Amino acid sequence: MKIATWNINGIKARRDTLLTWLGQDAPDIVCIQEIKCMDEAFPSEAFEDLGYNVAVHGQKSFNGVATLSKLPFDEVTPRLDGDEADEQARYLETVVSVPSGVLRIANLYLPNGNPVDSEKYPYKLAWMARLQARAEALLALEEPFVMAGDYNVIPMPDDVHNPAAWTDDALFKPETRAEFRKLLNLGLTDAFRACHDEPHRYSFWDYQAGAWQKNNGLRIDHLLLSPQAADHLVACDIDSTPRGWEKPSDHVPVWIELKL
DNA sequence: ATGTCGATACTTTATCGA
């Protein structure tokens, strides 16, 4: 079972790019972020024609997540617990049945948090605390689950080209990295780092300043696995090729293979 | 650390968010 995550930066602008990638890569489940549209504007039919079931949690203009799955959804639950007043569409949890039982997929678009002296940074940290609480609740079920998405977190200095330039950024501040580490300390596995120890492998390159050409990137898109999922992890990688295509997203897909 | 991009609106250029 192949599961991918990809921040596509606008489904209207990236529909055909995503279809092309799905046509050649054919993952079983894809978590996409930043669809930037309302539920009813999502082009579900195009993906259904490729054999995917579609779950959408969108909003106008910003944010928004959608999960595509070749397996039917047993459950679809939008929103992250912990703040009823939070209107931002950033979290979509689904459950599918697999031969060995169930598999839960949390699709998340974690807040960017910049600028750090605005209300956006405390919102990011609070959102990360809510995600930890959700992870704890799910871990108690002792079932396989994947938390996949754009975390907007650079976990380690080796995950960015020039770490010294990022020390005060919301994606790399010590407080941000500490909140991410709490997820790992609960018992979740960073799938990419379980499979790779080479430094400077990136999932995002800014549109500006020739970042892609200079390989000036960030590793901020992650798949975190529960112990019951990590036990079945056989491969993980970043597919950077779509960053070189026409009109690319600034992020590329990251995928795992689970033997379930 | 800014050489860009996507979506939106009292649009055809400015603003916001990343």
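Here is how names work: the chains are called A, B, and so on, in the same order as the sequence lines, proteins then strands, and each is numbered from 1. Because the structure is a prediction, the values reported are computed rather than measured.
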Practice task
Run through A:Trp127, A:Tyr151, A:Phe172 and flag the one making a ring-ring contact (aromatic ring centres under 6.0 Å, His included) with A:Phe180.
Solution key: A:Tyr151
Using a strict cut-off of less than 4.0 Å between a Lys/Arg side-chain nitrogen and an Asp/Glu carboxylate oxygen, indicate whether [X] and [Y] qualify as a salt bridge.
{"X": "A:Arg130", "Y": "A:Asp86", "value": "yes"}
{"X": "A:Asp159", "Y": "A:Arg193", "value": "yes"}
{"X": "A:Arg201", "Y": "A:Asp158", "value": "no"}
{"X": "A:Lys124", "Y": "A:Glu179", "value": "no"}

Completion exercise
Readout for nucleotides 10-18 of chain B: B = base within 4.0 Å of protein heavy atom, S = sugar-phosphate only, - = neither; 5' to 3' it is -------SS
Looking only at atom [atom1], what distance separates [N] and [M], rounded to whole Å?
{"N": "B:dC10", "M": "B:dT15", "atom1": "P", "value": "14 Å"}
{"N": "B:dA1", "M": "B:dA18", "atom1": "C1'", "value": "14 Å"}
{"N": "B:dT2", "M": "B:dA7", "atom1": "P", "value": "26 Å"}
{"N": "B:dG3", "M": "B:dT8", "atom1": "C1'", "value": "25 Å"}

Rounding to a whole Å, what distance do you find between [X]:[atom1] and [N]:[atom2]?
{"X": "A:Trp212", "N": "B:dA1", "atom1": "CH2", "atom2": "C1'", "result": "20 Å"}
{"X": "A:Asp16", "N": "B:dG6", "atom1": "CG", "atom2": "P", "result": "13 Å"}
{"X": "A:Ile11", "N": "B:dG6", "atom1": "CD1", "atom2": "P", "result": "13 Å"}
{"X": "A:His161", "N": "B:dA1", "atom1": "NE2", "atom2": "P", "result": "10 Å"}
{"X": "A:Leu171", "N": "B:dA1", "atom1": "CG", "atom2": "P", "result": "16 Å"}

Handout entry: Touch class at under 4.0 angstrom, heavy-atom based, for A:Ala165 against every strand present
Key = nothing
Handout entry: A:Lys214 side chain near B:dA1 phosphate (N/O to OP1/OP2, under 4.0 Å)
Key = no
Problem - Heavy-atom neighbours of A:Asp197 CG exceed 12 at 6.0 Å - result: no
Exercise for the section: Kindly say whether A:Trp205 contributes a backbone atom to a donor-acceptor pair with the side chain of A:Arg243 at under 3.5 angstrom? Expected result: yes
Handout entry: First of A:Lys12 and A:Ala211 reached from the 5' end of DNA chain B, by closest nucleotide
Key = A:Ala211
Completion exercise
Comparing nearest nucleotides in DNA chain B, the 5'-proximal residue of the pair A:Asp206, A:Ile35 is A:Asp206
Exercise for the section: Taking only the side-chain heavy atoms of A:Arg14 (C-beta and beyond), determine which of B:dG3, B:dT8, B:dC5 contains the nearest atom. Expected result: B:dC5
